[in-house]
Protein chains: 2
Amino acid sequence: MSIDPRLHTPVYVQLADLLRTRIEAGELSPGSALPSEARLTQEHGIGREAVRMAISLLRSEGLVRTVRGHGSYVRERTERRSIELAAGSAAIARMPTGVERRDLGLDEGVPVLEVRNAQGEVEILPGDETELIRPPR
Amino acid sequence: MSIDPRLHTPVYVQLADLLRTRIEAGELSPGSALPSEARLTQEHGIGREAVRMAISLLRSEGLVRTVRGHGSYVRERTERRSIELAAGSAAIARMPTGVERRDLGLDEGVPVLEVRNAQGEVEILPGDETELIRPPR
DNA sequence: GGTCATTTGTACGTATGTATT
DNA sequence: GAATACATACGTACAAATGAC
């Protein structure tokens, strides 16, 4: 599997597709490190910007987590706590603000659930650790 | 309000903060166009990459939508359809795959709701047009 | 603590491609 | 076709975080 700059598909998308395939195949397993930017740059003969855009794309999909000065890692599947949606409550999904992301310790590419109960009280829940349920009657 | 490259905060974050403030103040109202990349570059005396990173940040927060060859626009608040979470169902929030984004016509920075009913059937709903509710008893 | 190598982050410049008007 | 605007992609340089020693 290789990258061809002459194709219609942008180089960075080709690299993202390639890495995503390796992740989904389990070749890059949850928790394991992606090759460094330098390695990806050299091995595929492309520029660093294309490499960074590819990884940024995977981050925004919630597949990858990047630690500055350390590397990028395949995100592990988190445990989800089941939260019961109470009668008279409503929930929406949206991206967190910068403040919310810091407060909740959310990775990039992770939405939040905003739940509003019958009293109008709002709660913000981390999207990757929450499952909203309504119990069977 | 101005941008100072000497501050600890990166230039692109400063610009994003500045634009976000103007959006939240209503100075840049929903549907209206942000200044072009060229204008922002000139007016703030910064490079184009910093401008693009700022807008990219706002996009990932779901605040802004960018149309190639046209410009970037403040995203309008969409109407939300209320969907009842059925008994025995569960819902999670996550980012869409590339395919899902195209199929649902989602802007960047918009998550999906993945609802699984008691029969195990899965439905993917656009996060910016959906509100999950459980009716009052 | 301090230094070093590694790795990602920020920021600039330049050039060309592609979509819209 | 022309003008405008965003997208892709290269190169360069330096800053900042991390881990190893």
Side-chain angles (χ1 to χ4, degrees), chain A residues 2-19 28 31-61 63-75 98 101-102 105 107-109, chain B residues 2-19 28 31-61 63-75 98 101-102 105 107-109:
Chain A
S2 184
I3 287 178
D4 186 346
R6 295 165 304 179
L7 296 184
H8 298 305
T9 316
V11 168
Y12 80 93
V13 176
Q14 291 183 52
L15 176 57
D17 289 346
L18 197 152
L19 291 170
L28 288 168
S32 68
L34 269 61
S36 73
E37 293 179 358
R39 279 200 59 136
L40 290 171
T41 298
Q42 293 161 9
E43 291 184 353
H44 296 98
I46 62 181
R48 190 183 172 203
E49 183 176 342
V51 169
R52 286 180 61 76
M53 286 178 76
I55 293 174
S56 169
L57 189 54
L58 298 177
R59 258 201 312 271
S60 74
E61 293 172 1
L63 287 176
V64 157
R65 178 177 54 95
T66 298
V67 184
R68 180 178 184 162
H70 202 174
S72 290
Y73 300 86
V74 181
R75 260 169 54 83
R101 264 197 54 202
R102 231 197 18 258
D107 289 339
E108 236 184 278
Chain B
S2 183
I3 287 178
D4 185 347
R6 295 164 304 180
L7 296 184
H8 298 305
T9 315
V11 169
Y12 80 93
V13 176
Q14 292 182 51
L15 176 57
D17 289 346
L18 197 153
L19 292 170
L28 288 167
S32 68
L34 270 60
S36 71
E37 293 178 358
R39 280 199 60 136
L40 291 170
T41 298
Q42 294 161 9
E43 291 185 353
H44 296 97
I46 62 182
R48 187 179 172 209
E49 182 174 343
V51 169
R52 287 179 60 76
M53 286 176 77
I55 293 174
S56 170
L57 188 55
L58 299 177
R59 258 200 311 270
S60 75
E61 293 172 1
L63 287 178
V64 157
R65 178 176 54 95
T66 298
V67 184
R68 181 178 185 162
H70 201 171
S72 290
Y73 299 86
V74 181
R75 261 169 53 82
R101 265 197 54 203
R102 232 199 14 261
D107 288 340
E108 238 185 275

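Every chain is numbered from 1 and lettered A, B, ... according to where its sequence line falls, protein lines coming before strand lines. Just the heavy atoms: all of them, side chains too, but no hydrogens, waters or symmetry mates, feed the values below.
Taking the nucleotide of DNA chain C with the nearest heavy atom to each of B:Ile46 and A:Gly69, the more 5' of the two is matched to A:Gly69. Residues B:Val67 and A:Ala50 both approach DNA chain D. Their nearest nucleotides, taken by heavy-atom distance, put B:Val67 toward the 5′ side. Heavy-atom nearest nucleotides on DNA chain C were determined for A:Pro35 and for B:His70, and the one closer to the 5' end corresponds to A:Pro35. Both A:Val13 and B:Ser36 lie near DNA chain D, and the one whose nearest nucleotide falls closer to the 5' end is B:Ser36.
In this structure, CZ of A:Arg68 is placed 7 Å from P of C:dG9, rounded to the nearest angstrom. B:Arg52 places its CZ atom 17 Å from the P atom of C:dT14, with the value rounded to the nearest Å. C:dT6 atom C1' lies 12 Å from atom CZ of A:Arg48, rounded to whole Å. Between A:Arg65 atom CZ and C:dT7 atom C1' there is a gap of 15 Å when expressed in whole angstrom units. Between the CD atom of A:Glu37 and the C1' atom of C:dT6 there is a distance of 11 Å, given to the nearest Å.
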Next on the checklist: Using side-chain contact (heavy atoms from CB on, under 4.5 Å), reason through B:Leu15 and B:Val11 one step at a time and then give a plain yes or no.
Outcome noted: CA-CA 6 Å; B:Leu15 176 57; B:Val11 169; 5.5 Å; no
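By the 4.5 Å heavy-atom criterion applied to side chains, A:Arg101 and A:Glu108 are counted as neighbours.
In summary, contact between chain A and DNA chain D, defined as any nucleotide atom under 4.0 Å from a heavy atom of the protein, begins and ends at D:dT8 to D:dG19 in the 5' to 3' direction.
Near DNA chain C, meaning a heavy atom under 4.0 Å away, the residues from residues 4-11 of chain B are B:Pro10, B:Val11.
In this structure, CG in B:Leu57 is found 10.0 Å from CZ in B:Arg59, a value given to the nearest 0.5 Å. Here the straight-line distance linking atom CD1 of B:Ile46 with atom CE of B:Met53 works out to 11.0 Å at 0.5 Å rounding. Annotation: the span from B:Gln42 atom CD to B:Ser36 atom OG amounts to 7.5 Å, rounded to 0.5 Å.
The side-chain contact (heavy atoms from CB on, under 4.5 Å) test with A:Leu40 singles out one residue from A:Ile55, A:Leu18, A:Ile3, and that residue is A:Ile55. The one candidate from A:Leu34, A:Leu19, A:Leu58, A:Val67 that meets the side-chain contact (heavy atoms from CB on, under 4.5 Å) condition with A:Ser72 is A:Leu34.
Of all non-hydrogen atoms in A:Val51 and A:Glu37, the two that sit nearest each other are CG1-CA, 3.9 Å. Smallest separation of non-hydrogen atoms from A:Arg65 and A:Asp107: CD-OD2, 3.1 Å.
The listed nucleotides are C:dT10, C:dC12, C:dG9; the one nearest the side chain of B:Glu49 is C:dC12.
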